[in-house]
S.K.: 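My questions all concern the structure below.
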Amino acid sequence: QVQVVESGGGLVQPGGSLKLSCKASGNISSINAMGWYRQAPGKQRELVAVLTSGGSKNYGDSVKDRFVIFRDYVKNTVYLQMNNLKPEDTAVYYCNVQGNSDNYYKTIFDSWGQGTQVTVSS
């Protein structure tokens with residue numbers, strides 16, 4: 001019963017910036033990874049950026065020089081700062097959180113947010 005709530009997204013012009021937020025809550029013992037994926041119409045879902053509990057960051061090739069992922073470990077919130085946005089960044093952005101639940105079995109969870117629309121257009 002881990003909840004993932006996203007905020008941000010919207011319509012921005014090419015070259016603009018946007019910051020997405022994703023907060024995980026519920027019966028969480030530990031979070032092993034938090035990240036962002038995106039899916040455009042007619043396209044497969046692709047990795048945008050992932051941050052693991054070990055501190056490593058993994059960016060998709062198309063965004064690695066423009067986007068930054070970072071996390072507030074106290075608030076269980078991950079952010080995606082998107083800079084120099086391009087029309088091809090237009091997609092639904094999904095937040096993914098992986099970890100262990102705070103229960104007897106420490107059940108592994110893999111939870112997704114509802115997605116937030118990012119549209120880059122002039």
Side-chain angles (χ1 to χ4, degrees):
Q1 54 180 307
V2 175
Q3 295 81 45
V4 178
V5 179
E6 300 157 325
S7 61
L11 176 64
V12 297
Q13 294 186 346
S17 298
L18 195 64
K19 183 180 178 181
L20 305 182
S21 300
C22 170
K23 181 176 177 60
S25 61
N27 298 116
I28 299 172
S29 177
S30 62
I31 292 177
N32 300 320
M34 304 184 78
W36 294 91
Y37 295 75
R38 69 186 184 186
Q39 187 169 23
K43 305 281 188 176
Q44 66 183 102
R45 186 173 296 188
E46 65 176 349
L47 169 73
V48 178
V50 172
L51 192 159
T52 70
S53 61
S56 64
K57 298 178 180 180
N58 186 18
Y59 293 95
D61 289 339
S62 64
V63 308
K64 65 190 309 177
D65 295 325
R66 299 180 294 120
F67 293 6
V68 179
I69 187 171
F70 58 101
R71 175 178 166 182
D72 185 325
Y73 287 85
V74 175
K75 296 182 177 180
N76 284 336
T77 300
V78 66
Y79 305 91
L80 182 69
Q81 178 64 53
M82 303 184 292
N83 301 311
N84 192 24
L85 284 161
K86 303 175 180 180
E88 48 264 44
D89 294 319
T90 297
V92 177
Y93 284 69
Y94 297 92
C95 179
N96 175 241
V97 184
Q98 301 174 15
N100 297 90
S101 300
D102 186 17
N103 57 31
Y104 183 83
Y105 297 103
K106 295 295 187 290
T107 306
I108 295 173
F109 68 85
D110 185 352
S111 299
W112 292 83
Q114 78 285 353
T116 184
Q117 177 72 49
V118 173
T119 302
V120 184
S121 176
S122 59

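What you see is a predicted model; the values in this text were computed from it and never measured.
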S.K.: In the structure I gave you, are the side-chain heavy atoms of Gln3 and Ser25 within less than 4.5 Å of one another anywhere?
M.R.: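 Answer yes - side chains close enough.
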S.K.: For a quick test of reading the model, state the closest non-hydrogen atom pair linking Leu51 to Ile69 and the distance between them.
M.R.: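 Looking at all heavy atoms of both residues, the closest pair is N-CD1, 3.8 Å.
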S.K.: Carefully, step by step, assess Arg38 and Ser62 under the rule side chain to side chain donor-acceptor pair (under 3.5 Å).
M.R.: CA-CA 12 Å; Arg38 69 186 184 186; Ser62 64; 3.2 Å; yes
S.K.: Keeping to residues at least two apart or across chains, list the salt bridge (Lys or Arg N to Asp or Glu O under 4.0 Å) pairs with something in residues 53-76.
M.R.: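 Applying salt bridge (Lys or Arg N to Asp or Glu O under 4.0 Å) to every pair that reaches into residues 53-76, excluding sequence neighbours, yields Arg66-Asp89.
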S.K.: Does the side chain of Val4 come within less than 4.5 Å of Trp112's, by heavy atoms?
M.R.: no
S.K.: Applying side-chain contact (heavy atoms from CB on, under 4.5 Å), name anything that partners Val92, two or more places apart in sequence or on another chain.
M.R.: Tyr94, Gln117
S.K.: Can Asn27 and Asn103 be counted as having a side-chain donor-acceptor contact under 3.5 angstrom?
M.R.: no
S.K.: Between the main-chain N or O of Gln13 and the side-chain N or O of Ser122, is there a donor-acceptor pair closer than 3.5 Å?
M.R.: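 Not confirmed, Ser122 side chain does not pair with Gln13 backbone.
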S.K.: Heavy-atom distance under 4.5 Å between the side chains of Val68 and Tyr59, does that happen here?
M.R.: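 Contact flag for Val68/Tyr59 side chains = yes.
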S.K.: Of all the heavy-atom pairs spanning Ser21 and Trp36, show the shortest one and how long it is.
M.R.: O-CH2, 3.6 Å
S.K.: What residue among Glu6, Met82, Gln39 forms side-chain contact (heavy atoms from CB on, under 4.5 Å) with Tyr93?
M.R.: Met82
S.K.: Say you draw a straight line from CG of Asp102 to CD of Gln1; how long is it, rounded to the nearest 0.5 Å?
M.R.: 10.0 Å
S.K.: Take Gln98 and Asn32, measure what side chain to side chain donor-acceptor pair (under 3.5 Å) needs, and give me the verdict at the end.
M.R.: CA-CA 6 Å; Gln98 301 174 15; Asn32 300 320; over 6 Å; no
S.K.: Any heavy-atom pair between the side chains of Asn100 and Thr107 that's under 4.5 Å?
M.R.: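 Not in contact.
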S.K.: For Tyr73, I'd like to know if atom OH has over 12 heavy atoms of other residues, nucleotides or ligands within 6.0 Å.
M.R.: yes
S.K.: Taking the side chain as every heavy atom from C-beta outward, state whether Leu20 and Val118 have any atom pair closer than 4.5 Å.
M.R.: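 The answer is yes; the side chains approach within 4.5 Å.
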S.K.: Would you say that Thr119 contacts Val12 through its side chain, given a criterion of any heavy-atom pair below 4.5 Å between the two side chains?
M.R.: no
S.K.: Say you draw a straight line from OG of Ser17 to CD of Gln81; how long is it, rounded to the nearest 0.5 Å?
M.R.: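 Ser17 OG to Gln81 CD: 5.5 Å, rounded to 0.5 Å.
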S.K.: Taking only residues two or more places apart in sequence, or in another chain, which ones meet Ser53 in a side-chain hydrogen bond (donor to acceptor under 3.5 Å, both in side chains)?
M.R.: none
S.K.: List the atom of Ser101, the atom of Ser29, and the distance in Å for their closest heavy-atom pair.
M.R.: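 Looks like O-CB, 3.5 Å.
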